[in-house]
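Shown next, in structure tokens, is the structure this report addresses.
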Number of protein chains: 2
Amino acid sequence: MNEPTGLRARKKARTRDAIADAAVSLFLEHGFDRVSVNDVAAAAETSKPTLFRYFPTKEDLVLHRFADHQGEAARVVRERRSGTKPMTALRRHFRGGLDRYDPVTGLNDHPEVVAFHRLVFTTPSLAGRLTRYQLEDEEVLAEALGEGVRGRVRAAQVLAVQRVLARVNWQKIADGRTARDVHPEAVADADEAFGLLR
Amino acid sequence: MNEPTGLRARKKARTRDAIADAAVSLFLEHGFDRVSVNDVAAAAETSKPTLFRYFPTKEDLVLHRFADHQGEAARVVRERRSGTKPMTALRRHFRGGLDRYDPVTGLNDHPEVVAFHRLVFTTPSLAGRLTRYQLEDEEVLAEALGEGVRGRVRAAQVLAVQRVLARVNWQKIADGRTARDVHPEAVADADEAFGLLR
DNA sequence: GTTACCGAGTTAAAAAAGCAACCCGGTAAC
DNA sequence: GTTACCGGGTTGCTTTTTTAACTCGGTAAC
């Protein structure tokens with residue numbers, strides 16, 4: 001089921017992780033703009049060209065965690081069991097994320113995760129680039145949802161809903177509440193928001 | 001004074017160490033002949049050709065620790081202060097090794113060191129290759145000692161003495177005594193043995 | 001007595017990483 | 001207002017590593 005795990009693949013994954021981890025921990029400690037990519041490369045013990053071979057821009061050093069979820073919505077729609085409506089599949093998937101306290105739902109109170117979200121949301125260049133990612137996500141979801149304007153609008157609405165929900169959840173947790181405590185509200189919010197999509 | 005420490009050099013050193021460490025620890029645990037170079041490479045997380053680029057033969061995976069002392073005797077002779085006789089320089093150097101409990105003198109009771117020596121001495125192919133190293137050592141020492149048969153004989157005698165002394169010391173320690181305890185005898189033996197060289 | 005496998009080493013080609021030098025836009029120094 | 005540096009990102013070249021397939025000697029199977 002998982003990729004062939006040769007030496008090459010293992011070491012590439014490790015290098016990638018080393019770079020990403022070094023980056024995030026430096027950014028969290030000193031702030032995105034006060035850390036240069038040279039610093040990151042040095043901390044990860046790789047060269048600058050290598051760093052850029054793994055991550056196209058400085059922002060991606062942070063955002064790859066979202067990038068890993070690229071196209072997830074589209075996939076959920078495409079792989080739904082026949083008989084299930086797209087919206088139901090998406091709602092269930094999001095609900096699953098909440099129950100697993102998946103960081104992308106905003107419903108996660110691990111200190112690192114919270115700090116990470118604050119970093120993303122309060123750094124303009126990061127927030128900006130993140131919306132670019134979501135636009136691409138929107139396009140593939142639109143395709144999965146059907147031709148024409150109809151699909152595009154649906155896609156935009158779904159992603160907007162997810163974005164808002166995640167933001168609301170994160171805000172409550174940033175205010176000091178625990179994920180477990182917020183969970184019921186998050187589920188209720190999700191039901192209401194997805195309900196509006198009909 | 002020390003080599004430029006770029007990324008490349010650092011990683012090469014690390015790879016080399018990883019291979020050597022994996023090798024020695026596997027050999028100590030299972031025996032030299034029951035561990036294949038494939039096992040070593042796998043444990044060190046490198047490929048077989050890489051392993052062989054760092055160490056020309058399987059034996060060298062163990063013996064590089066001796067190889068690091070290659071030519072040491074010759075260097076001691078060449079770099080002695082003028083006015084000092086070669087033999088005195090060599091005797092003093094060996095004496096220094098005893099005082100530092102240098103593993104090459106056999107006078108070292110760290111469990112790993114003792115086990116390592118047992119490994120070398122009780123594995124025929126290793127013991128065999130080790131004497132090959134000592135022959136090369138002998139040649140360069142002979143050159144440093146002067147032309148002709150005279151130098152060669154001297155060289156052979158010095159190295160034979162060191163070999164015997166190391167072996168005797170190791171034997172006592174293998175019998176359970178501590179290095180500190182054996183030290184005086186080792187010094188006495190050394191004095192006597194080097195004395196015979198006159 | 002082949003046939004098949006194992007372990008030490010090697011080879012060639014391709015991927016990946018390092019290095020040094022560069023471009024380009026910004027901003028601080030003088 | 002040049003000049004110099006800094007940080008993001010790129011380029012070309014070299015070195016290192018992986019991969020897979022190979023040689024060669026030994027030895028177990030049948």
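Below, chain A is the first sequence line, B the second, and so on; all start at residue 1.
- Spacing between atom CG of Asp33(B) and atom P of dG7(C) amounts to 12 Å, rounded to whole angstrom units.
- When rounded to the nearest whole Å, the span between CG of Leu61(B) and C1' of dG7(C) equals 14 Å.
- Cation-pi contact between Lys58(B) and Phe32(B): present, with separation from the ring centre below 6.0 Å and deviation from the ring axis of at most 45°.
- At dA8(C), none of the side-chain N or O atoms of Thr57(B) fall inside 4.0 Å of OP1 or OP2 (strictly under the cut-off).
- In this entry the distance linking NZ of Lys58(A) with P of dT10(D) reads 15 Å, nearest Å.
- Relative ring orientation between Phe66(B) and Phe116(B) is described as parallel, the plane-to-plane angle staying below 30° on a 0-90° scale split at 30° and 60°.
- Spacing between atom CZ of Arg10(A) and atom C1' of dT17(D) amounts to 14 Å, rounded to whole angstrom units.
- Side-chain proximity of Arg8(B) to dA17(C), dT17(D), dG8(D): nearest is dA17(C).
- In terms of phosphate contacts, Lys12(A) brings a side-chain nitrogen or oxygen within less than 4.0 Å of OP1 or OP2 of dA16(C).
- Remark: aromatic rings of His110(A) and Tyr101(A) are distant, center separation not under 6.0 Å.
- Atom CG in Leu7(B) sits about 5 Å away from atom P in dG18(C), given to the nearest Å.
- When rounded to the nearest whole Å, the span between CZ of Phe27(A) and C1' of dG7(D) equals 12 Å.
- A salt bridge (charged side-chain N to carboxylate O under 4.0 Å, His left out) with Lys172(B) holds for exactly one of Asp181(B), Asp189(B), Asp109(B); it is Asp189(B).
- In the region residues 36-55 of chain B, proximity to DNA chain D at under 4.0 angstrom, judged on heavy atoms, holds for Glu45(B), Thr46(B), Ser47(B), Pro49(B), Thr50(B), Arg53(B), Tyr54(B).
- For Phe32(A) and dG8(D), the CZ to C1' distance is 10 Å, given to the nearest whole Å.
- Residues Ile173(A) and Asn108(A) form no side-chain contact, since every pair of their non-hydrogen atoms from C-beta on lies 4.5 Å or further apart.
- Look at Lys11(B) and you won't find any side-chain N or O under 4.0 angstrom from OP1 or OP2 of dT16(D).
- Figure legend. dC30(D) is base-paired to dG1(C); pairs are counted as Watson-Crick or G-U wobble with both atom distances under 3.5 Å.
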